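Worksheet for the structure shown next.
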Amino acid sequence: MAKQTDIGPPDYRMMLPESIKENYGTWKYHEILKPGLMKHVAESGSELYTVRVGSPRLVSIDFIRDMCDLADRYCGGYLRFTSRANVEFMTPEKKNVEPLIADIRKLGLPVGGIGDCISNVVHTQGWIHCHSSATDASGLVKSIMDELYPYFTEFKLEAKLRIAVACCINMCGAVHCSDLAVVGIHTKPPKVNNEKLAATCEIPSVLASCPTGAIHRHPDKEVKGVVVREERCMYCGNCYTVCPAMPLADADGDGLAIFVGGKVSNARKPPMFSRLAIPFIPNNPPRWPEVTGALKNIVDVYVKDSRKYERLGEWIERIGWEKFFRLTGIPFTEHHIDDFTGATETFRTTTQFKW
Amino acid sequence: MAKQTDIGPPDYRMMLPESIKENYGTWKYHEILKPGLMKHVAESGSELYTVRVGSPRLVSIDFIRDMCDLADRYCGGYLRFTSRANVEFMTPEKKNVEPLIADIRKLGLPVGGIGDCISNVVHTQGWIHCHSSATDASGLVKSIMDELYPYFTEFKLEAKLRIAVACCINMCGAVHCSDLAVVGIHTKPPKVNNEKLAATCEIPSVLASCPTGAIHRHPDKEVKGVVVREERCMYCGNCYTVCPAMPLADADGDGLAIFVGGKVSNARKPPMFSRLAIPFIPNNPPRWPEVTGALKNIVDVYVKDSRKYERLGEWIERIGWEKFFRLTGIPFTEHHIDDFTGATETFRTTTQFKW
Amino acid sequence: MSDTPLLDDLEKGPWPSFVKEMKRAALKSPAAKDLLGLVELSYKDRVTHWKHGGIVGVTGYGGGVIGRYSDVPEKFPNAEQFHTIRVNHPSGWFYNTQSLRKICDLWEKYGSGLTNFHGSTGDIILLGTRTENIQKFFDELIEIGFDLGGSGSVLRTPTGCVGPARCEWACFDSLDLVYDLTQTFQDQLHRPRWPYKFKIKASACPNDCVAAIARADFTIIGAWKDSIRIDQKEVKEYAAKGMDIKGLIADRCPGGALTWDEKKGELSVKPEDCTRCMHCINKMTKAIRPGTEKGASILIGGKAPIQKGAFLSWMLVPFIKIEPPYTEIKDLLEKIWDWWDEHGRNRERIAETIARMGFKVFLKAVGLKPLAQMVKHPRSNPFIFFNE
Amino acid sequence: MSDTPLLDDLEKGPWPSFVKEMKRAALKSPAAKDLLGLVELSYKDRVTHWKHGGIVGVTGYGGGVIGRYSDVPEKFPNAEQFHTIRVNHPSGWFYNTQSLRKICDLWEKYGSGLTNFHGSTGDIILLGTRTENIQKFFDELIEIGFDLGGSGSVLRTPTGCVGPARCEWACFDSLDLVYDLTQTFQDQLHRPRWPYKFKIKASACPNDCVAAIARADFTIIGAWKDSIRIDQKEVKEYAAKGMDIKGLIADRCPGGALTWDEKKGELSVKPEDCTRCMHCINKMTKAIRPGTEKGASILIGGKAPIQKGAFLSWMLVPFIKIEPPYTEIKDLLEKIWDWWDEHGRNRERIAETIARMGFKVFLKAVGLKPLAQMVKHPRSNPFIFFNE
Ligand code: SRM
Ligand code: SRM
Ligand code: SRM
Ligand code: SRM
Ligand code: SF4
Ligand code: SF4
Ligand code: SF4
Ligand code: SF4
Ligand code: SF4
Ligand code: SF4
Ligand code: SF4
Ligand code: SF4
């Protein structure tokens, strides 16, 4: 039993390199020198070079030790991770930069993601660790980034492009506000196991868990359990979260939906939600070619048609969703029409449209 | 008993002047020559002059006869009314125009409303004829147009400005999408008369009529009637519409709310709803000075700050609602914050704002 | 001293006075005289003195008359009954004076002599008559070639803009369409059968001069398929007269379809980016016109706030040709009514029924395929019902 | 032939491979080895092989560990229990290598050797250990100066952007604020008491580099009260280098606050019209900087779709100074938690409770006055509850 609890995380000051302690809060400007490399300049005139490295996020402790070796060699024993799970090496020494980059490359790791790039993919657990998952996250991310690799290591975009992957609609990660979002979805109602349910769950809380009221007591008084009105089920998984006896996972029913055009920054346009582009693509491990192909197609069209500084969602807003579907060749279906709370807000209350 | 029914309205062709029959569907362009006067030119080259006259809408048959006399004298016995209850006299004869206008003036009627003007006010019955009314419509309109008269007879605006008045929230007329909208509102719950209710209404339908579920059976089993949970009442009048025993009218509780910034045309910006500017102004007949003053203030600020072709709602969208409240000096209160269905759509989901 | 001091104040001022008109009517009609007194009393008490309307009407019709009784009959006996009759206007609100005079004479005979030209749905509103006069009035109204408008849970009097009669922008014949639909659906207009009221309005271009999109359950608005037509000679004229064509026209184009070439003095359009908002056409009437392949868009669901909140009509059919006998539109209306009739709850407008049941359910029912033009944007939530 | 053919395919390709990493871990850990097999099986079956998590944890805490059991223990016994431990990261995700190496050594001793740097809430995620190891691991974790992060219906590990440590735009000290709040609310972080989870994220400027507005119930985003600072000399530099300052900067300003004077080569701002969107600052890093009177805006309610749909945080406090000891923010948090605790239903996030009870009710409860800055626009419906 621990001598102590509630000590919280270590003081961040212990974790800051000298060059940052000295210029803390007095940075003046930065310049992006090349993909994965930027320079910050302080009021004092001192400089700090940052090299950003792509990480698979799911790593072994030996990977972390490799990063530590590099940090010890070039960065005085300090490093950081970014909010998108990249690794950042910082040094005031210009001369360290190229050798550092060379050693990173030796480890087979990509340098990039700074500026108008596709950065690392915010993602989740999937088949690696989550019981809710409708797909795997790590495998999807690997497949996607292999496909879009040059967008991480080179400048090929007019603006940042942020991708997120979530393995179920709980959407761990800012999936609902990403330029490109891939979401694992179930499309079959839960398979109720009433013996298990009777043993492990409280029926009232199971009934209460369903937002659409699709779950009802079993008609047969004898059976202590529930039935699901399948036509009212939207596969949200709430029932499964509160009761293990109602799994939704299904080899053929599970797959991916793709949402596009979200952002969170307040630059120019306010933050926006991502909107449905493709309702369903079946799981096709290990490479999910239909998913990577769909993303590639959207990115290609966006790159061709977008203007300087225009995020994907800003581009779509300018040309209109009907033109987005036309240019990408993605079919618009009944599934794209909202029927959740507030759906009427999404209907087009004007005669303005493009053919 | 009529020999015939379902004959419908007369054929419109009987009602069209020669000059229109000849050029029907072949008009080429129009020019607005001065307030209340425009000229349409047909492919054939023939011209049609239209003089628009403001009407109180609530008129005597002798007023209609006056209009007929003018039409017989100058327009070959034809005239029309507009979708805002103005009268329009049309003639191909340029020489008729000025004498016509002179005779209209003799009758004390205003010529104007064409182009970037405030036109006639779309309005409703009020105390003249409606049991639901929370105010009078005709008196408000008269008071408002007296105040804003020059905007009807002269060009003083950058765009059209449409005003509507409704005497209760049923909003007969396009009040909910007007540049300026004055709406009669009740602010006291219905006064239930249970004897009358028992006699004239079905309790279930009364209970059902309430959107907020504020109406309940009378707790006392003896009493055949209902009670209203006052804190849940939003004074919508639905119950009164289905049951006469629940009137809401109240000398002190009734008054006006002012909504602004709506439009219906698709020009430039899509149609917009009007939004709440002033939650409540008590009834102050016969002139409602607080209402006319409030409208005058908003129009003055709009005139000063708006750009060419900018409708009131487009202006507010450009400067932001917070700046609208600052410039007009209208206080922003808790009542302005939506709490009806879909309220969350109105919350500001960005850091962008003006002080 | 006058017994209507408050109302008298409303005779002053430059805008024409409804009080003057009431007094004019009062000279001939005791009912109109008592109305003056009753309204004066409302101005004093600051409440209405009308009671909930009772059911009055003409044989064979379920609507067209709004019953109205005063709550102070003892004070104003001649205004005790003050029913309103709604008379269906001719398309475009055009009249020849003989017809108007006939209506006036009839109303002098049977009514208070007070009227609204027009009510905000578009009917001629004849204010104030007694129950016993209604049928007689109606019989003679038919004689002079007019009929009642709608009230109650029926098809309400359809209206349309002045359109081709006097407007160069009309993309279809709003007058003829409204006349034809009104005649075709006389039964739906006079005999209640639906959950609630249903309104049709037609504007022959996107300026929407009858505010159809805000007020009609079924909204017909003019549109064209090809490109706007630009007369470069006239464009140069506007430029010469000093119009800032880039700032005021091109930059204001919502579709970003217009480019102004300062040097050439040329305004060019990228038709695929034009959303037909009308702005450039509105402001350069001599230089720019709608396209030639004309028709309309149909939108659904416009209404006032009661009860689920106000709705603006939304896109249902992006483009449809509008030509007699208008079969396609009539079929669509019938399909919509059948579905609404079956699924609509009491006092539920079509928009509210669709909102409750789901737009895609409605689309299936009326046999229309989903289009991106129907929505501002696709859903943002992942709660998709795949089983449907 | 390999017994993980499907996963092996994911070792190919330019992007670094998590499978390589799993295999590296598998060399030392039987648990990691069995995980490989189990995940290969999922790739074959296209379903997860994890069961619903059971309750596991450390004494005195209600969260910080996610229990996880395999549904194929017979096939992969070493991965039967594969619990996750969440370790609270240091502000800004900065580390010295000694600390990192200590964590690695601990995880080599007690866990599978697999980890996420970092989980998407911001914790160090240590994947895969057995129940009996959890307490031991925790005891030694405390020794090396780390503690657990949040899970369950608690305050989740707060995070903040790199801020003043390496960013010129920081309007407050995101690292210190996050550290201070995390330390102050250790009890709320470790001991479930609320209806559901509650997340705090801090971005020191409106670029929002931790996506706080989308993911945090309580969102702190940098702001300034005065004007952006423009260095005209540098502006001229950008112009000289050929930047289209009018088209790319001034015309893109959402507030319409910027004017570019081509002749003078000057960019001027109307501070009252600047909405602090960051665009001009982002694109002209040497010429334009935030103002000097710095602080933050506080927004409320961001969350993912479960269950009432996704929310973006919305404006609650337009401007607040952010200075130690951060009393004002802490008081506000306590007030919000008290109200939510009392009124929130089970599994209802703060946004959903506010949506259900009404924003103005919430404002009253936490003692904030309504401001136009809190809404995109006022209500359009007339259904106002005046009695409140
Ligand atoms: C390191 C990091 C913060 C951290 O604490 O970890 C960071 C750092 C910087 N961001 Fe960021 N941002 C970081 C995540 C984000 C996020 C969050 C996310 O991606 O999930 C956003 C919001 C994205 C969105 O809107 O969906 C974000 C939106 C921005 C923007 C606004 C971009 C836009 O036009 O919308 C800028 C300004 C710009 O790039 O012009 C910016 C600018 C910057 C600058 C230039 C700030 C500075 O002066 O140092 C930093 C490096 C440039 C760059 O391109 O990365 N940062 N930045 C994060 C790096 C993540 C990564 O590894 O790629
Ligand atoms: C580990 C992590 C994903 C990852 O790989 O990074 C994660 C994993 C889980 N999340 Fe999450 N969430 C994680 C960040 C998020 C985020 C992002 C964030 O916090 O910034 C979100 C969206 C933001 C939000 O909170 O709304 C998120 C929204 C959810 C939800 C939906 C909550 C909602 O109100 O919409 C659930 C469902 C629930 O709570 O029952 C959920 C539930 C879960 C559970 C506990 C599954 C469950 O239902 O029990 C997952 C455990 C997986 C496992 O076996 O390890 N997780 N979850 C993230 C936490 C790591 C960390 O502590 O750093
Ligand atoms: C006569 C009438 C149609 C009818 O069948 O009765 C009519 C007639 C014309 N309208 Fe209209 N509009 C008429 C009601 C409307 C309405 C409906 C309303 O006011 O309730 C609207 C929608 C208003 C709104 O958006 O809230 C309307 C929005 C327009 C617009 C778009 C204005 C804008 O910028 O939003 C134009 C074009 C313009 O003015 O630039 C327009 C243009 C015109 C033109 C110029 C069309 C033409 O070429 O003949 C006509 C005369 C000019 C003028 O300024 O009135 N008309 N017009 C209506 C006269 C009402 C009145 O007495 O004032
Ligand atoms: C006479 C008129 C106002 C006027 O002075 O012009 C009118 C008068 C009444 N309307 Fe209306 N409405 C009138 C046009 C409208 C319009 C405008 C339109 O049709 O373009 C609307 C808004 C558009 C719409 O339909 O949504 C309108 C929305 C309502 C509503 C709310 C309906 C809704 O779904 O939101 C009610 C309440 C009801 O139906 O119970 C209503 C109810 C009424 C009643 C019948 C009062 C009642 O609850 O029984 C009023 C009878 C007054 C009387 O004693 O004469 N009236 N009503 C208009 C009809 C004249 C005509 O036929 O030309
Ligand atoms: S997104 Fe769903 S499946 Fe993936 S980690 Fe989160 S809860 Fe688990
Ligand atoms: S998955 Fe969601 S909708 Fe379906 S039964 Fe479970 S809780 Fe209800
Ligand atoms: S707005 Fe209300 S009060 Fe006025 S006429 Fe319509 S229903 Fe009657
Ligand atoms: S006025 Fe409206 S809210 Fe109030 S009781 Fe009647 S129906 Fe219910
Ligand atoms: S709606 Fe269009 S066509 Fe009809 S009158 Fe107005 S401008 Fe002309
Ligand atoms: S009609 Fe409107 S959208 Fe079309 S070109 Fe003209 S301004 Fe642009
Ligand atoms: S949020 Fe702002 S302050 Fe923080 S890192 Fe991003 S740009 Fe810098
Ligand atoms: S920060 Fe944004 S709003 Fe402010 S001046 Fe710059 S571009 Fe305009």
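Chain A is the first sequence line, chain B the second, and so forth, proteins listed ahead of strands; every chain is numbered from 1. This structure is a prediction, so every number in the text was calculated from the model and none was measured.
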TODO: Apply ring-ring contact (aromatic ring centres under 6.0 Å, His included) to the pair C:Tyr95 and B:Phe81, showing each step before the final yes or no.
DONE: CA-CA 9 Å; C:Tyr95 295 90; B:Phe81 297 83; 5.7 Å; yes
C:Asp244 vs B:Lys308, salt bridge (charged side-chain N to carboxylate O under 4.0 Å, His left out): CA-CA, chis, key distance, verdict: CA-CA 11 Å; C:Asp244 169 9; B:Lys308 188 110 193 91; over 6 Å; no
Regarding [X] and [Y], do their side chains bring together a donor and an acceptor under 3.5 Å, going by distance alone?
X	Y	answer
C:Asn116	B:Gln125	yes
B:Tyr309	C:Asn282	no
C:Arg347	B:Asn238	yes

Could you tell me whether the side chain of [X] and the main chain of [Y] form a donor-acceptor pair under 3.5 Å?
X	Y	value
B:Asp146	C:Trp15	yes
C:Asp147	B:Ile7	yes
C:Trp93	B:Ser83	no
B:His129	C:Phe82	yes
C:Gln307	B:Pro211	no
C:Trp50	B:Ile128	yes
B:Arg80	C:Gly92	yes

Taking [X] first and then [Y], would you say they form a salt bridge - that is, a charged N and a carboxylate O separated by under 4.0 Å?
X	Y	answer
B:Asp136	C:Arg46	no
B:Arg13	C:Asp176	yes
C:Arg289	B:Glu43	yes
C:Asp208	B:Lys263	no
B:Asp72	C:Arg101	yes

*asked:* For the CG atom of C:Leu10 and the OG atom of B:Ser138, what is their distance to the nearest 0.5 Å?
replied: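 The CG atom of C:Leu10 sits 9.5 Å away from the OG atom of B:Ser138.
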Which of [options] touches chain C most, by non-hydrogen pairs under 4.5 Å:
options	answer
B:Ile169, B:Val41, B:Val175, B:Asp254	B:Ile169
B:Leu148, B:Thr26, B:Asp66	B:Asp66
B:Ser265, B:Pro285, B:Cys68	B:Cys68
B:Val87, B:Asn86, B:Asn120	B:Asn120
B:Ala71, B:Gly54, B:Pro17	B:Gly54

Contact class of [X] relative to chain C, heavy atoms under 4.5 angstrom:
X	answer
B:Cys177	side chain
B:Thr82	backbone
B:Met38	side chain
B:Arg287	side chain
B:Glu88	side chain
B:Asp250	backbone
B:Phe152	side chain
B:Pro282	neither
B:His30	both

Fill in: With C:His52, the side-chain contact (heavy atoms from CB on, under 4.5 Å) member among B:Pro244, B:Pro247, B:Cys243
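Result: among B:Pro244, B:Pro247, B:Cys243, B:Pro244 is the only option passing the side-chain contact (heavy atoms from CB on, under 4.5 Å) with C:His52.
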Is the ring centre of C:Phe117 less than 6.0 Å from the ring centre of B:Phe63?
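Not close enough - the centres of the two rings lie 6.0 Å or further apart.
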Quiz item: Checking heavy atoms, do the side chain of C:Ala170, its backbone, both or neither come under 4.5 Å from chain B?
Solution: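 Neither part.
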Report which part of C:Asn346 has an atom under 4.5 Å of a heavy atom belonging to chain B: side chain, backbone, both, or neither.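 Neither part, no heavy atoms under 4.5 Å.
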Could you check whether any side-chain heavy atom of C:Phe146 comes within less than 4.5 Å of a side-chain heavy atom of B:Pro9, counting everything from C-beta outward?
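Side-chain contact under 4.5 Å: no.
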query = Are any non-hydrogen side-chain atoms of C:Lys308 and B:Thr341 less than 4.5 angstrom apart?
reply =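 No; the side chains remain at least 4.5 Å from each other.
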Requested in this report: Would you kindly check if the NZ (Lys) or CZ (Arg) of B:Lys142 is within the cone defined by 45 degrees around the ring axis of C:Phe18 and under 6.0 Å from the six-membered ring centre?
Outcome: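 Output no; distance or angle outside limits.
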